[in-house]
Amino acid sequence: MTKFNQTYPTDLKYTEWQLIADFFPAKQMGRPRKWEMWQIINAILYVVRTGCQWRMMPKDLPPWQTVYGYFRRWKKNGLWERINEAMVKKVRVKNGRKPEPSAGIVDSQSVKTSEGGEQRGIDVHKQTPGRKRHILVDTLGLLLLVLVHSASIQDGAGGYQLLQKWFETVKRSVHNRWCRLKLLWADAAYVSIIEKVRKNFGWTLEIVRRSDKAKGFEILPHRWIVERTFGWLGRYRRLSRDFEHTVSSSESMVYIASIRRMLKLATN
C-alpha cells in the first residue's frame with residue numbers, strides 16, 4: 001500500500017479518509033490497482049476546490065483519464081449522494097441532533113455556464129444565462145439534496161421538481177431516508193407550490209417574507225441558513241460557474257464540495 005500522505009491543502013487527512021473508506025472496498029479480483037482510492041479522491045477534490053480542468057491536473061496526481069473515469073463511474077452509480085447522506089447523519093449526531101432532519105430550507109442559485117452543455121437557459125429576473133442550482137438543506141445548513149436545471153425554469157417549478165425528486169427517492173428507499181422531514185421554509189418565489197406540496201407530499205411549506213418596513217439588508221429567519229450554504233459552496237472554484245456539460249456532473253460537483261466540508265466538520 002502507498003504511504004498515506006498530504007501534498008496539497010485540498011488532500012484528505014487520514015482521519016477524514018477513514019470516515020468514507022468503507023465506500024471504496026479493496027479490489028478482490030483481477031489486476032491490483034495502480035492508484036489507491038484515497039489518491040483518486042484527493043485528485044477529484046483538487047479539481048473541485050481549485051477549478052482546475054481535468055487535463056491540466058498536476059503530474060504528481062493520478063492521470064486525469066483515470067481520475068475522470070472514476071468520477072464518472074461514481075456519478076452514474078449514485079455514490080456521491082450516498083456519501084453525502086452518510087456524512088449529514090454523522091455531522092448531525094456530532095452536533096447533538098437526530099440523524100434525520102425534521103425541517104429544511106429550499107432556495108436556488110443562478111450560475112452562468114460555459115459554452116455548450118445541456119439544459120441551458122436565461123433567468124429573466126437576474127438576467128443570468130446558464131443554469132440554476134436548487135438545493136435543500138437542514139437547519140444546520142447541511143446539503144440534503146441538489147437539483148440542477150435550466151435557469152429559464154421559475155423557482156416555484158424548479159423547487160417542486162426538487163421536492164418531487166426527493167419524494168420519489170424516499171419511496172424507492174428501504175430505509176426511507178430523511179423520513180422525518182415535515183416542515184420546509186422558502187421565499188416568496190415558492191408561494192405557487194404551497195398547496196401542491198401539501199397535497200401531494202404531505203409537507204408544510206412556510207414562506208418567510210421580507211418585512212415591508214425593512215430598509216436595506218435584513219437577515220430573514222431560516223432563509224439565511226441556505227444563503228450561508230451557498231456561501232460555503234462558493235469557496236469551491238469549480239462551482240464559481242457551471243463548467244459541466246451535463247447536469248448530473250454539475251450536481252455531483254455540488255455533492256463533492258458538500259462532502260469535503262462535512263469531512264472537516266466531522267473530524268474537528
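In this chain, residues are counted from 1 in sequence order. Computation of the quantities below employed the complete heavy-atom set of this structure, encompassing side-chain atoms and omitting hydrogens, waters and symmetry-equivalent molecules.
Under the salt bridge (Lys or Arg N to Asp or Glu O under 4.0 Å) test applied with Glu16, the options Arg260, Arg261, Lys264 reduce to a single match, Arg260.
In this structure the side chain of Leu265 never reaches within 4.5 angstrom of the side chain of Lys94, judged on heavy atoms. Put simply, the side chain of Val197 does not reach to within 4.5 Å of the side chain of Tyr190, judged on heavy atoms. Counting only heavy atoms from C-beta outward, the side chains of Phe24 and Ile40 never approach each other to under 4.5 Å. At a threshold of 4.5 Å between non-hydrogen side-chain atoms, the residues Glu244 and Glu251 do not count as touching. A heavy-atom distance below 4.5 Å is found between the side chains of Leu12 and Ile20. Side-chain contact check for Trp17 versus Asn42: every heavy-atom pair is 4.5 Å or farther apart. Here the side chains of Arg198 and Thr204 are not in contact, with every heavy-atom distance at 4.5 Å or above. Taking 4.5 Å as the limit, some side-chain heavy atom of Val88 sits within range of a side-chain heavy atom of Asn84.
In this structure, Glu100 contributes its side chain and Arg180 its backbone to no donor-acceptor pair below 3.5 Å. A donor-acceptor pair is defined here as one N or O able to donate and one able to accept, closer than 3.5 Å; no such pair exists between the side chain of Arg237 and the backbone of Arg49. At least one donor-acceptor pair closer than 3.5 Å links the side chain of Arg223 to the backbone N or O of Val208. A donor-acceptor pair under 3.5 Å is absent between the side-chain atoms of Arg133 and the main chain of Ser250, judged by distance alone. Looking at Lys90, its side chain never comes within 3.5 Å of a backbone N or O of Met262 through a donor-acceptor pair. Proximity of a side-chain donor or acceptor of Gln127 to a complementary backbone N or O of Val124 within less than 3.5 Å is detected.
Under the 4.5 Å side-chain contact rule for hydrophobic residues, Val254 and Val111 do not share a cluster.
By the salt bridge (charged side-chain N to carboxylate O under 4.0 Å, His left out) test, Arg120 is found to be paired with no residue, residues two or more places apart in sequence or in another chain being considered. In this structure, Phe230 has no ring-ring contact (aromatic ring centres under 6.0 Å, His included) partners at least two apart in sequence or on a different chain. Evaluation of the side-chain hydrogen bond (donor to acceptor under 3.5 Å, both in side chains) rule for Ser248 yields Thr246 as partners, not counting sequence neighbours. Remark: Ser252 pairs with Phe71, Lys75, Trp80 by the side chain to side chain contact (heavy atoms under 4.5 Å, CB included) rule, at least two apart or across chains.
A distance of 8.5 Å separates CD1 of Ile193 from CG of Leu184, quoted to the nearest 0.5 Å. Within the model, atoms CD of Glu36 and CZ of Phe4 stand 10.0 Å from one another, a figure rounded to the nearest 0.5 Å.
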Tell me which donor-acceptor pairs under 3.5 Å the side chains of residues 139-159 have, and how far apart each pair is, sequence neighbours excluded?
| residue | atom | partner | partner atom | Å |
| --- | --- | --- | --- | --- |
| Thr139 | OG1 | Arg97 | NH1 | 3.1 |
| His149 | NE2 | His134 | ND1 | 2.9 |
| Ser150 | OG | Gly121 | N | 3.3 |
| Ser150 | OG | Ser152 | N | 3.2 |
| Ser150 | OG | Ser152 | OG | 2.8 |
| Gln154 | OE1 | His125 | NE2 | 3.4 |
| Asp155 | OD1 | Ser108 | OG | 2.9 |
| Asp155 | OD1 | Lys132 | NZ | 2.8 |
| Asp155 | OD2 | Ser108 | OG | 3.4 |

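Residue pairs satisfying the side-chain hydrogen bond (donor to acceptor under 3.5 Å, both in side chains) criterion with at least one member in residues 62-72, sequence neighbours excluded, are absent.
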